[in-house]
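Every chain is numbered from 1 and lettered A, B, ... according to where its sequence line falls, protein lines coming before strand lines. Side-chain atoms are counted along with the backbone in the values below, which use heavy atoms only and exclude waters and symmetry mates.
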Amino acid sequence: MELIQEIIIFGTIKGCVYALIATGFTLIFAVAGILNLAHGTFYMLGAYFTYTLFYVLGIPLPPAILLAAVLVGALGMLLDRVFLKPMRSSHTYVLVLTVAVAFAAQEIILLTYGSQGMNIPNLIEGSVNLNGVVVSWHQLLIVAITAVVLIMLWLVLTRTRYGVATLAVSMDEDGARLVGIETEKVFNLSMFASAFLAAVAGALISPIMSMTPEMWNMPLMKAFVVVVVGGIGSLTGSIMAAFFLGWLETFTGFVISPKLTEVVSLVLLTVFLVFRPSGILGRRLH
Amino acid sequence: MTQARDYLVVDELTKHFGGLAAVEKLSFSLDRGQILGLIGPNGAGKTTVFNLITGFLPATSGRVTFRGESLMGKKPHQIVNQGLARTFQLVKPFPELSLSDNIRVACYGPRFMSQGLDEEAARHRILEVAEQVGLPDDLDQPASSLGHGDLRLLDIARALMVQPELLLLDEPLSGLSSIETQAIVGLIQALNQEGITLLIIEHKLKELMKVADRIVAIDFGQKLAAGTPQEVVNHPAVVEAYLGTKDSYASA
Amino acid sequence: MLANLKTPAQRHTAIFYGLIMVGFYFVPVFSDNFYLLSVFTTAYFYIIFATSWDVFAGYSHLMNFGHALFIGIAGYLTAFVDLHLGLPPLLVLPMCAVVCGLLGMFIGYLTLRMQGPYFAIITMAFAAVAYESAIMFSEYTGGEEGIPGIHPLTDSLIGDYYFVLVVMSLIFLFLLWFTRGRWGLVLKAISQNEDAVLASGINTAWVKIRAYSISGALCGIGGSVYAYSLTHVGPTSMEQVLSTTILIMAMVGGMGTITGPFLGALILVLFNELSRDMEEYRLLIYTVMVVVIIFFAPRGIVSWGQPIARAFKLGGKRGQAGS
Amino acid sequence: MKKLLAMMLILGLAVMAAGPASAADTIRIGLLAPLSHQVGEGEVNAAKMAVKRINDAGGIDGKKLELFIEDTEIKPEKAINGYKKLVMVDKVQAVMGAFSSGVVLSLMDHVARYKVPFISTASSSNTFGEKVAKDYARYKYFFRLMLNETDQVNGMVEFVDSFLKPKLNIKKVAVMAEDAKWTKLMGAQFVEQIKTKGIEVTDYIRFPFKETDFAPILSRVKNAKVQFLLEISAIADGAVYINQWHDMQGPPIGGCDTSAGSEDFWDKTNGKCMSETVFMYGAYDVALTPKTKPFWADYIKIYGKEPKYASGFTYDAVYVVANAVKAAGTTKADALVAAIEKTDYVGVSGRIQFKKNHNTICGSDGRPMMIWHQWQGKGQRLPVYPEKYATAKFILPAWWSVK
């Protein structure tokens, strides 16, 4: 059954990318209550920064990706400090500001790099035949990197002071503040982690899907879907939902029709929002 | 038109939030024309009872009947239109609207509209209510400019605008100066004189005892005692629940 | 409406907008320059979109991030009806209003319990579903390229100009009437404290659904005229960037005032055309504007009316310009 | 409030002042092109080059040509507005260019309405000609200087049947086409015609321009065991699927891929386009007419880049209009149309003559025709078919062997 193998393999690769995108999105929402519509922008900047570091500055690809992700993470912190901090409590403000930032970033990228698709090379060239399914080494590397990054995130969250503080803030902000946790710092570092993860995803996917100034749209929508399906604020739920979505989309594309893949996730999103807004694992919304 | 007895009946009312029992098998009743006080320490579940009666929260079990009709499963606005209005513990006016508009909003419920009253009548009634509760003369100022006491009055005015038969006041005296307190106590008595039945949550027992015909004391969502004010405040369970708290009758 | 104009400030406001409206009707008298007319026509479309957005989202503070949904749905409906049934615009416009009104009612019903960001996401999602569907069902919708060849509204540019202007004027007047009465008051009250409105015996859910429905219906009329005017409809008419632009125009102008989005749309479209050379920077400039507005004039441009009027010694001591 | 009013007034006046400069004594030509797409860039460069050459040679009867450019962004609504602006503000006497049949189709009714001749130089839909034939009086202002869908289908069928079939031992092919108006008939006709040559078509897939995930499509094609995958794309970015095609080791691929018609495609795909075979027309480094090779060389000299798909046609279109103005002695639309209809001009893209339906006569030798180029070596795009113009031998993807 080649088809089943294909769906599992390609679905897993997709799921990894979605997991990288969505964990950061969930993290910052759980911790600071920020629904960041500029999340896809981090993903896009990750790709474009890598491109610039690699082609313009001639830095080898692996450190270029890492450096790009750190830079994007710093931009995330900047966004949080300068624009979000003053009015973090207003959902309306955060939504409008972040969506405006997203479009502005799109314009800046468009002006700098043009509208045509651009590519960076695979981390490792060449393909491998997995029992009849041809996959590139790069795609397998995405799976490995995602695993490493997610395990590291888990370790940070459970084994470090910052991580424990983050979890505390995500459960009860006021309580955390009472026991002396500097919530501002936690927000800031969460924003860094969130942007960093998205940027890694963007840099890893751009050799496969090309980068365009509009590429931030897709990850944002997927992040919505994953976060809503997985349960708002639940990291485990998000990761589960990311793979679920990856497999579901791949199944739809391979078995039913490639045309339907984009709509599947959106329909899933609306159905969950309307009928089960708490998601699979999330806390019940009042 | 309706029986005076058992005007409002709360019967084995229960509300669970997850594993927490906020209200547990609570029963009491209220007769027409009465003023009933609902007391209890902080977190006893008093406001939850209000929310259950007025439909802001769905009950886990039990029932509430008003004039013999069940209120269960009804939406808040439907309950209001049966003649049952409420105020809020945390005063909730519309800060950006003017005082008159704050009150005017309540004109646009079906209860007022069904009487076929026009804008002129509404304006007239707004002035009437504002004067009755003693709001400042300038009704064009925004609500955000009011002090805490006047906001309470505004909230009561809004509730009165729907012409309720039964009025639920949630801590109408909290945070008020003694002059403001006297004014509201007077207002409560005046409203009762007009024939409005009242259910009042209040911490200031001294004032409450002045106006209440009966008092129900609850703690942990359960009834501790019920009866005349004197009976309730001297009830051992109530004394125990209150002792050591600064809200106790002794220190009030 | 005139009965409500109690204060001098309100009268001045009415005169101000009245003058602008009358001015619009005289533009072709001064110049039949195609470019000028098309700039103003574009402004009228955005006025329709932004004010119709405002009647629900601006008043209820439930941020609708997918208003363009109605523009697109009405546009495609117009294309189908025009090309296959050949009905005249005067029949198609009400049809679009009804369809979009029902759609608004349906979405309003589904999203009733949603607050803040959840509402924002779902409105985005609905528009995105429609957008993707338009691309997916390319057999019927023409895919990414859309449907060309919709018949023009009238035979001349000036005719088109007046058609759009009249529709815009009617919608603007209707919205002023609607929001200056009890509906506006109740909607505003809901945005500030929904519980207190419920406790006043008002079915807030129904009020919101109705407002959303009206918002959709009016935007649908605008969307239909938009399609006629372009003689084309495509998925870009439902794009996220269009929804966002509408929202930004309304916010810059001043939410929950109708007059604010009117000014916001007008000024931003004119600004956009004046700075044609800077067109690439448009969204950048918009973003900066949003930040500036949110920090320094959270109530939008209309809130400047008051100090300006005071500077010119217009209006009363507590004039409510723009409201 | 007065301040606001004053501001509005100033805005209004400024808008009015931004109107047209007074019409000088020039021949005004409009160009509609998607400026940020490489096809549009090629159109603009070619048109500028032609205008400059004509003006340097003294213009037309002493009158200089003046070029006005509007961006279409490949969006019908932008193109419509651009056409209106060219016609009414810039008062041009002829418009040319545009890209994507969907865009041009939405322009046709406006061309009919404003009656300023339009020469389409980068769109292939057959519908244009059908409309002109059906309602000549209305659509006569519309011309197409390029191969239409039928011309391209014939070329593709011939290439697959007579060239590839024996080389690749083709029994089954699959077709993937971007979901656009210009590919609608092309895809269907190709499928129909290739079947008559005894070749099975396992799949005919249409994908949106912005598709980024081609794994499902490529998987279907691979599982169907086809020997050739025909691609048809112009608006979509070919690099996206070529990268994935290479990594998934798909069957030999070729057809129309506009993005592969640009020399930077090799770098964009990091060489993964190796063995992709695409047809080119309008401009190439091939001696189709005496002017073809010099144009190629001169263009590179001026712009430092190779001409793009539509460059040759746009370049010729400027000359067609210029010659027509000269022949008609006027710029009045109807006279201009009559003169353009009589065109017989050897340009860089071939010998240009218009049919009754205002299509260009294409396909045979010396006329505008398709020449197949394959990506080979270290990033060269070399002609492999027709044999007459071929300078390289056809190669297979590294992972493919003919069974």
Novice: To check you understand the geometry: which heavy-atom pair defines the closest contact between A:Asn119 and D:Ala239, and what is its length?
Specialist: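 The answer is OD1-CB, 4.0 Å.
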
Novice: Within the side chain of D:Gln244, is there an N or O that forms a donor-acceptor pair under 3.5 Å with the backbone of A:Ile208?
Specialist: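 At least one qualifying donor-acceptor pair exists.
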
Novice: Between A:Ile256 and chain D, which part of the residue has a heavy atom less than 4.5 Å away: side chain, backbone, both or neither?
Specialist: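 Backbone only.
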
Novice: What part of A:Ile120 gets closer than 4.5 Å to chain D, counting heavy atoms only: side chain, backbone, both or neither?
Specialist: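 Contact with chain D: backbone only.
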
Novice: Counting only heavy atoms not in D:Lys172 (residues, nucleotides, ligands), do more than 12 fall under 6.0 Å from its NZ?
Specialist: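 Yes.
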
Novice: Is there a side-chain contact between D:Asp213 and A:Glu249, using heavy atoms and a 4.5 Å cut-off?
Specialist: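 No - every pair of side-chain heavy atoms lies 4.5 Å or more apart.
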
Novice: Side chain from CB out, backbone as N, CA, C, O: work out which of these in D:Asp264 comes under 4.5 Å of a heavy atom of chain A, or both, or neither.
Specialist: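 When you check distances to chain A, no heavy atom of D:Asp264 falls under 4.5 Å.
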
Novice: Find the distance between CG (D:Asp237) and CE (A:Met209) and round it off to the nearest 0.5 Å.
Specialist: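 It is 13.0 Å, given to the nearest 0.5 Å.
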
Novice: Provide the closest heavy-atom pair for D:Arg220 versus A:Pro258 in the form atom of the first, atom of the second, distance.
Specialist: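 Shortest heavy-atom contact: NH1-CD, 4.4 Å.
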
Novice: Between A:Lys259 and D:Arg206, which heavy-atom pair has the shortest distance, and what is it?
Specialist: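 Minimum heavy-atom separation between A:Lys259 and D:Arg206: CE-O, 3.9 Å.
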
Novice: At what distance, to the nearest 0.5 angstrom, does OG of A:Ser115 lie from NE2 of D:His37?
Specialist: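 A:Ser115 OG to D:His37 NE2: 8.0 Å, rounded to 0.5 Å.
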
Novice: For the residue pair A:Glu6 and D:Lys222, establish whether any side-chain heavy-atom pair is separated by less than 4.5 Å.
Specialist: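 Sidechains of D:Lys222 and A:Glu6: no contact.
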
Novice: Flag yes if more than 12 heavy atoms outside D:Glu263 fall under 6.0 Å of its CD atom; otherwise flag no.
Specialist: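 Buried by this count: over 12 neighbours within 6.0 Å.
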
Novice: Could you pull out the closest heavy-atom pair between D:Ser36 and A:Gln116, with the gap in Å?
Specialist: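 Closest approach of D:Ser36 to A:Gln116, heavy atoms only: O-NE2, 3.3 Å.
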
Novice: Between D:Gln249 and A:Asn129, do the side chains contain a donor N or O and an acceptor N or O under 3.5 Å apart?
Specialist: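 Checked: A:Asn129/D:Gln249 side chains show no N/O donor-acceptor pair below 3.5 Å.
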
Novice: Below 4.0 angstrom, N of the basic side chain to O of the carboxylate: do D:Lys272 and A:Glu125 qualify?
Specialist: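 A salt bridge links D:Lys272 with A:Glu125.
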
Novice: If I measure from the heavy atoms of chain D, does A:Phe10 come under 4.5 Å with its side chain, its backbone, both, or neither?
Specialist: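 Side chain of A:Phe10 only, per the 4.5 Å heavy-atom cut-off to chain D.
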
Novice: If only atom types and distance count, is the side chain of A:Ser136 paired as donor or acceptor with the main-chain N or O of D:Asp247 below 3.5 Å?
Specialist: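 Not at all, since once roles are kept as given, no pair shorter than 3.5 Å links the two residues.
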
Novice: To the nearest 0.5 Å, how far apart are CD in A:Glu214 and OG1 in D:Thr212?
Specialist: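 Interatomic distance, A:Glu214 CD to D:Thr212 OG1, rounded to 0.5 Å: 12.0 Å.
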
Novice: Which bit of D:Glu211 comes within less than 4.5 Å of chain A, counting heavy atoms only: side chain, backbone, both or neither?
Specialist: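 Just the side chain, heavy atoms under 4.5 Å.
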
Novice: How about A:Trp137: does its CH2 atom have over 12 heavy atoms from other parts shown lying under 6.0 Å from it?
Specialist: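 No, not enclosed.
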
Novice: Should we count CZ of A:Phe251 as having more than 12 external heavy atoms under 6.0 Å?
Specialist: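 Not more than 12 within 6.0 Å, no.
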
Novice: Roughly how far, to the nearest 0.5 Å, is OH of A:Tyr55 from CG of D:Asp267?
Specialist: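 Nearest 0.5 Å value for the CG-OH distance: 7.0 Å.
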
